[in-house]
Engineer: 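Take a look at the following structure, please.
When reading the values below, keep in mind they use all heavy atoms of this one structure, side chains included, and skip hydrogens, waters and symmetry mates.
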Amino acid sequence: MRPILLQGHERSITQIKYNRDGDLLFTVAKDPVVNVWYSVNGERLGTYSGHTGAVWCVDVDWETRHVLSGSADNSCRLWDCETGKQLALLETSSAVRTCGFDFGGNIIMFSTDKQMGYQCFVSFIDLRDPSQIKDNEPYMKIPCSESKITSAVWGPLGEYIIAGHENGELNQYSAKSGEIVNSIKEHSKQINDIQTSRDMTMFVTASKDCTSKLFDCTSLEHQKTFRTERPVNSAAISPIYDHVVLGGGQEAMDVTTTSTRIGKFEARFFHVAFEEEFGRVKGHFGPINSLAFHPNGKSYSSGGEDGYVRIHYFDSQYFDFEFES
């Protein structure tokens with residue numbers, strides 16, 4: 001399994017995301033560039049330039065027409081995927097931590113940080129209404145006074161978003177009314193990442209409390225727990241097998257004091273049903289910050305604190321092993 005190494009960032013990777021077809025991989029880091037790559041060979045297709053601060057999040061719509069990015073320069077930007085042209089600039093009062101398109105690609109949501117005296121907000125903008133973009137006026141803005149949102153994804157059918165908070169809470173916010181539809185607290189520390197399964201029936205969380213958990217999307221019922229000894233920064237569900245991959249390692253600030261082996265910078269594969277670890281992939285020289293499975297399940301990518309993105313294509317043993325087991 002020789003990985004393809006993508007070197008397009010000078011700072012640590014914050015998020016990586018495949019488009020729905022899986023032919024493109026979008027990467028963002030703590031530098032101002034948004035990169036897009038061909039996932040098949042690791043060739044860089046281009047960059048989306050315009051941000052002036054670290055970029056925390058990226059998303060691409062269902063048809064790979066538009067790209068959305070949120071940054072610490074207090075802005076959320078909409079790009080034309082093909083040409084790299086900036087289509088909209090949405091200014092906020094604090095850093096944009098999470099962002100995402102709904103299924104139709106018409107409604108976007110983004111959440112801002114609680115900082116500089118400003119509260120954490122989740123904003124919803126309908127891209128079909130130009131006045132919302134021009135006046136920078138979302139059709140709905142939900143305040144989160146208790147604990148800031150650290151990760152968020154759209155739920156099935158675009159009816160609500162699932163948000164993970166700094167205190168370990170999970171909330172479902174309705175995209176119509178803004179009410180909290182459902183709320184649970186299964187984690188004891190910050191939720192770093194949330195990713196849904198391919199069919200949107202389940203989602204997996206990654207938390208600082210050294211666990212990753214699997215939940216039902218609609219009821220938020222807790223299904224499974226995957227335990228490690230280090231904080232988990234990212235987790236992804238395989239689209240074809242009952243596997244999840246977890247990535248993490250200790251805090252980035254402690255990395256220089258430990259060797260790569262002790263730091264536990266491997267990607268760890270767990271079986272969903274048995275909650276057991278069955279494999280590890282080494283590679284990064286720092287904690288893994290973001291993971292993503294290719295939509296066809298034949299490869300996965302990881303982005304690390306070391307600024308590299310690695311695309312790993314599974315060898316035939318991985319597929320033989322699954323059919324035997």
Side-chain angles (χ1 to χ4, degrees), residues 1-49 51 54-60 64 67 69 81 84 192-193 195 206 230 232-239 243-252 255-256 258-269 279-319:
M1 251 175 63
R2 285 278 312 266
I4 301 172
L5 211 60
L6 311 183
Q7 298 169 280
H9 293 283
E10 298 165 2
R11 297 266 185 277
S12 48
I13 306 295
T14 48
Q15 195 178 19
I16 60 175
K17 191 73 88 43
Y18 282 97
N19 64 342
R20 189 174 58 107
D21 304 324
D23 59 331
L24 300 179
L25 179 64
F26 295 84
T27 63
V28 291
K30 288 180 184 170
D31 55 22
V33 222
V34 181
N35 280 323
V36 57
W37 315 77
Y38 284 118
S39 64
V40 66
N41 57 5
E43 184 190 332
R44 181 153 70 168
L45 179 58
T47 58
Y48 302 92
S49 307
H51 281 295
V55 188
W56 289 117
C57 55
V58 67
D59 195 23
V60 54
T64 321
V67 179
S69 59
C81 183
N192 292 322
D193 189 25
Q195 292 195 36
R230 299 290 154 123
V232 188
N233 294 338
S234 188
I237 306 175
S238 165
H243 296 170
V244 291
V245 59
L246 271 50
Q250 87 272 53
E251 296 283 339
V255 168
T256 49
T258 53
S259 79
T260 53
R261 193 170 48 83
I262 305 168
K264 302 234 170 24
F265 305 134
E266 302 108 331
R268 307 171 68 157
F269 286 81
R280 288 186 184 191
V281 178
K282 288 196 178 74
H284 285 283
F285 290 99
I288 293 173
N289 290 340
S290 186
L291 284 162
F293 262 105
H294 189 289
N296 70 8
K298 291 180 181 172
S299 64
Y300 82 97
S301 295
S302 55
E305 191 70 27
D306 54 7
Y308 290 108
V309 175
R310 292 166 163 261
I311 303 177
H312 303 260
Y313 277 87
F314 296 118
D315 50 26
S316 56
Q317 281 174 303
Y318 174 77
F319 303 107

Engineer: Is a side-chain N or O of T14 found less than 3.5 angstrom from the main chain of V55, in a donor-acceptor match?
Structural biologist: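 Flag set: sc T14 to bb V55 pair under 3.5 Å.
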
Engineer: Which value, rounded to the nearest 0.5 Å, describes the distance between E305 atom CD and R11 atom CZ?
Structural biologist: 11.0 Å

Engineer: Indicate the atoms forming the closest heavy-atom contact of I13 with G307, along with that distance.
Structural biologist: CD1-O, 3.6 Å

Engineer: Is the shortest heavy-atom distance from the side chain of V67 to the side chain of V58 under 4.5 Å?
Structural biologist: yes

Engineer: Where is the tightest heavy-atom contact between T27 and V309, given as atom of each residue plus distance?
Structural biologist: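 Looking at all heavy atoms of both residues, the shortest contact is CG2-CG2, 3.8 Å.
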
Engineer: So, taking the atom named NE2 in H243 and the one named OH in Y300, what distance separates them when rounded to the nearest 0.5 Å?
Structural biologist: 13.0 Å

Engineer: Ignoring hydrogens and geometry, is there a side-chain-to-backbone donor-acceptor pair from N35 to G8 under 3.5 Å?
Structural biologist: yes

Engineer: Any donor and acceptor pair, going by atom type alone, linking the side chain of S234 with main-chain N or O of D193 inside 3.5 Å?
Structural biologist: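 No; zero donor-acceptor contacts below 3.5 Å.
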
Engineer: Rounded to the nearest 0.5 Å, what separates atom CG in L291 from atom CD1 in I16?
Structural biologist: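 The CD1 atom of I16 is 6.5 Å from CG of L291, to the nearest 0.5 Å.
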
Engineer: P295 and P239: which non-hydrogen atoms are nearest, and at how many Å?
Structural biologist: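 Taking P295 first and P239 second, the nearest heavy atoms are O-CG, 3.4 Å.
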
Engineer: In this structure, which one of S301, S299, S238 forms a side chain to side chain contact (heavy atoms under 4.5 Å, CB included) with F293?
Structural biologist: S238

Engineer: Could you list all the ring pair (Phe, Tyr, Trp, His ring centres under 6.0 Å) pairs where at least one residue sits in residues 18-41, not counting sequence neighbours?
Structural biologist: Y18-H294

Engineer: Find out whether S302 and Y308 are in side-chain contact, i.e. whether some heavy atom of one side chain is under 4.5 Å from a heavy atom of the other.
Structural biologist: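 S302 vs Y308: side chains apart.
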
Engineer: Does a side-chain heavy-atom distance below 4.5 Å link E266 with V281?
Structural biologist: no

Engineer: Between N289 (side chain) and N233 (backbone), is there a donor-acceptor pair under 3.5 Å?
Structural biologist: no

Engineer: Going from CG on D315 to CZ on R2, what distance comes out if it is rounded to the nearest 0.5 angstrom?
Structural biologist: 13.5 Å

Engineer: Are there over 12 heavy-atom neighbours, none belonging to R44, within less than 6.0 Å of that residue's CZ?
Structural biologist: yes

Engineer: Are the side chains of V60 and L24 in contact, using a 4.5 Å heavy-atom criterion?
Structural biologist: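 Not in contact.
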
Engineer: So, for A206 and A235, which heavy atoms are closest and what is the spacing to 0.1 Å?
Structural biologist: CB-N, 3.9 Å

Engineer: Apply side-chain contact (heavy atoms from CB on, under 4.5 Å) to K17 and Q195, showing your working.
Structural biologist: CA-CA 11 Å; K17 191 73 88 43; Q195 292 195 36; over 6 Å; no

Engineer: Closest heavy-atom contact between V33 and H9?
Structural biologist: O-CE1, 3.4 Å

Engineer: Where do I4 and N41 come nearest, in terms of heavy atoms and distance?
Structural biologist: CG2-O, 3.8 Å

